[in-house]
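Encoded as structure tokens, the structure appears first; notes follow it.
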Amino acid sequence: MDNILSLRYKISYGAAGFGEATAYCLLSTFLMFYLTTIAEIPPAIAGTIIALGSVWDVVTCPFFGFISDNCTSRMGKRRPFVLIGCIPFTLLTMLLFTFIDAGLPVKVAYYMFMMLLFWTAYTCFYVPYMALGAELTDDYDERTSLRSYTSVFNSLGAIIGAVVPTIMVDYLCSGGFSVKISWQLTALLIGLISGLGIFFCFLGSKGRDKGIKKEEQVKFDFKHMIMEYIDVLKIKPLQFLLAASIICLTGITVSNSARMYFLTYNMGFSAKQISFTLFMASVIGLGMPPIINAFSKRFDRRTIYIVFIIFGSLGSFSFKFIGVTGYATLYVMITMYCIINMTYWQLMPTILYDVGEYDKFISGKDRVGAIMSIQSVSEAIAEALGVQVLGIILQIVGFDGTKAVQTDFVIGWIENSMMVVPVVFTIISCIFIWKYPITREVYEKIKQGIAEREVDEE
């Protein structure tokens with residue numbers, strides 16, 4: 001394998017990151033807000049709907065990871081699933097933001113069903129897509145560079161997914177559309193943009209994703225798949241990463257989901273002010289990938305993760321005492337959040353690729369798809385926990401989505417959900433990363449061992 005990737009592959013791979021982030025930011029930023037204020041579903045139930053949809057990944061991720069590891073298609077192991085998944089992704093994004101004029105039980109049933117369908121389509125492309133990064137190169141620094149490009153595209157997608165909705169909904173409402181139809185049309189646009197980005201990745205990644213030979217294929221068998229995943233879960237470095245991932249992403253999700261509430265009720269921002277703030281957050285995020293990539297050339301990823309996460313966490317927590325009194329302090333707080341968020345999303349996938357090489361060295365099997373699917377399950381669990389934590393907090397403190405102004409007690413807990421609760425999770429995650437054993441030096445020894453074994457087998 002030629003480990004140095006051309007610009008074509010980095011851009012095409014990043015394009016799917018753009019598409020994924022666009023829809024992901026729409027959901028993570030606005031779905032909880034939409035369900036509680038537009039659909040008028042109680043916060044705890046809304047949190048359960050979102051959480052249940054994410055937990056569905058526990059079923060779908062292992063399936064798509066296993067079959068993509070054993071795909072014999074001439075299009076490759078991963079690319080066929082990227083193509084199949086992106087097609088329903090567009091429609092389901094819109095359907096999640098479609099208002100149902102019915103009683104609460106019918107509403108709950110509808111949004112739960114749409115969540116299950118959405119996450120099935122999402123997992124179909126996302127797990128193979130994440131594993132595709134390991135197929136493109138096995139070079140330590142080149143993998144970080146690939147994720148740097150993806151992180152930049154993620155930030156661009158976040159601008160669309162987090163900024164465009166409030167602008168477009170406000171524009172459509174001023175043009176005579178109801179707020180419900182405005183959200184539906186906005187979600188349709190976001191879905192189309194997301195689908196096109198994912199499709200571009202399918203087209204541009206052709207040539208480096210090879211399907212396995214039919215004699216190497218493991219036919220799908222539920223019992224065998226379960227045993228395979230049990231075996232993968234015994235990988236010690238993976239156990240540390242899963243713990244770190246679940247804990248850190250839970251904190252990130254709490255903060256991300258609380259952001260709209262904070263800007264709306266604590267800051268008292270209008271739709272245009274919220275859009276501008278979310279735009280600035282995405283622009284700030286664009287500056288992080290090159291910085292992380294530069295440090296990755298001098299230090300191993302484990303060290304960078306710990307330093308950046310702790311710095312961003314303590315910086316976020318400090319605003320509980322400093323206070324957010326205007327745009328200046330708000331943007332500094334957002335910068336701290338971006339450090340945490342971008343560090344996690346840029347480094348965690350590449351660290352997991354290293355576990356794939358470790359597993360190949362120990363077991364002789366290529367199970368990157370299985371490893372990335374387990375990671376996706378952990379992300380789904382974390383996102384479910386994060387949204388559920390916020391939903392429970394809002395329910396307990398008495399948040400009322402029908403009121404334009406909340407009590408001081410509610411305002412205080414929205415603030416805690418931005419500055420205190422997430423920090424507890426993100427700092428604890430660093431303990432598990434510290435125990436993760438695969439540094440740059442260890443990784444190079446693993447690669448050397450794999451190469452020597454392949455020579456002996458020839």
Inset, instruction - Taking the side chain as every heavy atom from C-beta outward, state whether F118 and F89 have any pair of such atoms under 4.5 Å apart. - result: yes

Inset, instruction - Examine distances only and state if a side-chain atom of Y353 and a backbone atom of M130 form a donor-acceptor pair shorter than 3.5 Å. - result: yes

Inset, instruction - Answer yes or no: is there a side-chain heavy-atom contact under 4.5 Å between I322 and M333? - result: no

Inset, instruction - Look only at the side chain of E357 and the backbone of Y443, and say whether a donor-acceptor pair between them is shorter than 3.5 Å. - result: no

Legend entry - Any donor-acceptor pair under 3.5 Å from T264 side chain to Y261 backbone: no

Legend entry - Pair K320-N416, side-chain donor/acceptor within less than 3.5 Å: yes

Inset, instruction - Measure the shortest side-chain to side-chain distance between Q346 and M288 over non-hydrogen atoms and say whether it is less than 4.5 angstrom. - result: no

Legend entry - Pair R367 + D359, salt bridge at N-O below 4.0 Å: yes

Inset, instruction - Answer yes if the ring centres of F30 and Y34 are under 6.0 angstrom apart, and no otherwise. - result: no

Inset, instruction - Check whether any side-chain heavy atom of W119 sits under 4.5 Å from a side-chain heavy atom of T60, and report yes or no. - result: no

Inset, instruction - Identify the two heavy atoms, one from V442 and one from P437, that lie closest to each other, and give their separation to 0.1 Å. - result: CG2-O, 3.8 Å

Legend entry - Between R259 and T29: side-chain donor-acceptor atoms closer than 3.5 Å: yes

Legend entry - CZ/F279: more than 12 non-hydrogen atoms of other groups inside 6.0 Å: no

Legend entry - No-hydrogen, no-angle side-chain donor-acceptor test under 3.5 Å, E20 and Y122: yes

Legend entry - Residues S205, R79; criterion side-chain hydrogen bond (donor to acceptor under 3.5 Å, both in side chains); working and verdict: CA-CA 8 Å; S205 59; R79 294 175 64 248; 3.2 Å; yes

Inset, instruction - Report yes if the side chains of K365 and K360 come closer than 4.5 Å at any heavy-atom pair, otherwise no. - result: no

Legend entry - Polar contact flag, side-chain donor to acceptor under 3.5 angstrom, T144-R301: yes

Inset, instruction - Measure the CG-CD1 distance between L286 and I159 for me, rounded to the nearest 0.5 Å. - result: 5.0 Å

Inset, instruction - Could you tell me whether R78 and D69 have a side-chain N and a carboxylate O separated by less than 4.0 Å? - result: yes

Legend entry - Chi angles and distances behind the side-chain contact (heavy atoms from CB on, under 4.5 Å) call for Y126, F64: CA-CA 9 Å; Y126 184 71; F64 288 114; over 6 Å; no

Legend entry - T350 side-chain N/O to L347 backbone N/O, donor-acceptor pair under 3.5 Å: yes

Inset, instruction - Heavy atoms only: give me the nearest L314-I427 pair and the separation to one decimal. - result: CD2-CD1, 3.9 Å

Inset, instruction - Anything under 30° is parallel, anything over 60° is perpendicular, the rest tilted; go ahead and classify W345 against Y24. - result: perpendicular

Legend entry - Residue Y229 excluded, over 12 heavy atoms near OH under 6.0 Å: yes

Legend entry - CD1-CD distance between I374 and E379, expressed to the nearest 0.5 angstrom: 12.5 Å

Inset, instruction - Could you tell me whether a side-chain N or O of S12 sits under 3.5 Å from a main-chain N or O of Y9, the two making a donor and an acceptor? - result: yes

Inset, instruction - Report the residue from K10, K297, R147 that forms a salt bridge (charged side-chain N to carboxylate O under 4.0 Å, His left out) with E142. - result: K10

Legend entry - Under the side-chain hydrogen bond (donor to acceptor under 3.5 Å, both in side chains) test, residues paired with Y149 that sit two or more places apart: none

Legend entry - Verdict with supporting geometry, T123 and W56, side-chain contact (heavy atoms from CB on, under 4.5 Å): CA-CA 10 Å; T123 305; W56 177 241; over 6 Å; no

Legend entry - Test log, rule side-chain contact (heavy atoms from CB on, under 4.5 Å), inputs M419 and S316: CA-CA 6 Å; M419 304 171 190; S316 298; 5.7 Å; no

Please tabulate, for the side chains in residues 235-250, all donor-acceptor contacts under 3.5 angstrom to protein atoms that are two or more places apart in sequence or on a different chain.
{"unit_1": "Q239", "atom_1": "NE2", "unit_2": "L233", "atom_2": "O", "d": "2.9"}
{"unit_1": "S245", "atom_1": "OG", "unit_2": "Y344", "atom_2": "OH", "d": "2.5"}
{"unit_1": "S245", "atom_1": "OG", "unit_2": "Q375", "atom_2": "OE1", "d": "3.4"}
{"unit_1": "S245", "atom_1": "OG", "unit_2": "Q375", "atom_2": "NE2", "d": "2.8"}
{"unit_1": "T250", "atom_1": "OG1", "unit_2": "I246", "atom_2": "O", "d": "2.6"}

Inset, instruction - Kindly say whether G251 contributes a backbone atom to a donor-acceptor pair with the side chain of S255 at under 3.5 angstrom? - result: no

Legend entry - Approximate separation, where rounding is to 0.5 Å, of L156 CG and S151 OG: 11.0 Å

Inset, instruction - Applying salt bridge (charged side-chain N to carboxylate O under 4.0 Å, His left out) between R440 and each of D139, D354, D141, report the one that passes. - result: D141

Legend entry - side-chain contact (heavy atoms from CB on, under 4.5 Å) evaluation trace for L263 with L330: CA-CA 10 Å; L263 295 176; L330 176 63; 4.2 Å; yes

Inset, instruction - With rounding to the nearest 0.5 Å, note down the distance linking CD1 in I193 to CZ in F18. - result: 6.0 Å

Inset, instruction - Just say parallel, tilted or perpendicular for the rings of F125 and Y129, cut-offs at 30° and 60°. - result: tilted

Legend entry - Check: I438 main-chain N/O paired with R302 side-chain donor or acceptor under 3.5 Å: no

Legend entry - Any donor-acceptor pair under 3.5 Å from S194 side chain to G19 backbone: yes

Inset, instruction - Working to the nearest 0.5 Å, report the span between CG of L31 and CE of M114. - result: 13.0 Å

Inset, instruction - State, yes or no, whether a side-chain contact exists between Y436 and I351 at a heavy-atom distance under 4.5 Å. - result: yes

Legend entry - Atom pair SG (C25) and CG (N256), whose distance is rounded to the nearest 0.5 Å: 6.5 Å

Legend entry - Nearest atoms (heavy-atom pairs only) where I310 meets C430: CG1-SG, 3.8 Å

Inset, instruction - Without swapping roles, check the side chain of S373 against the backbone of G65 for a donor-acceptor pair under 3.5 Å. - result: no

Inset, instruction - With sequence neighbours excluded, tell me which residues meet side-chain hydrogen bond (donor to acceptor under 3.5 Å, both in side chains) with T426. - result: S313

Legend entry - Sub-4.5 Å side-chain heavy-atom contact between T277 and Y331: yes

Inset, instruction - Write down the atom of G195, the atom of T90, and the distance for their closest heavy-atom approach. - result: CA-OG1, 3.9 Å

Inset, instruction - Indicate, with yes or no, if the rings of F295 and F308 have centres closer together than 6.0 Å. - result: yes

Inset, instruction - Search all heavy atoms of N154 against all heavy atoms of A21 and return the closest pair with its distance. - result: O-CB, 3.3 Å

Legend entry - Close side-chain approach of F153 to Y13, heavy-atom, < 4.5 Å: no

Legend entry - For Y305 against T343, the heavy-atom pair lying closest together: CA-CG2, 3.9 Å

Inset, instruction - Keeping the roles fixed (side chain from K107, backbone from A39), state whether a donor-acceptor pair exists under 3.5 Å. - result: yes

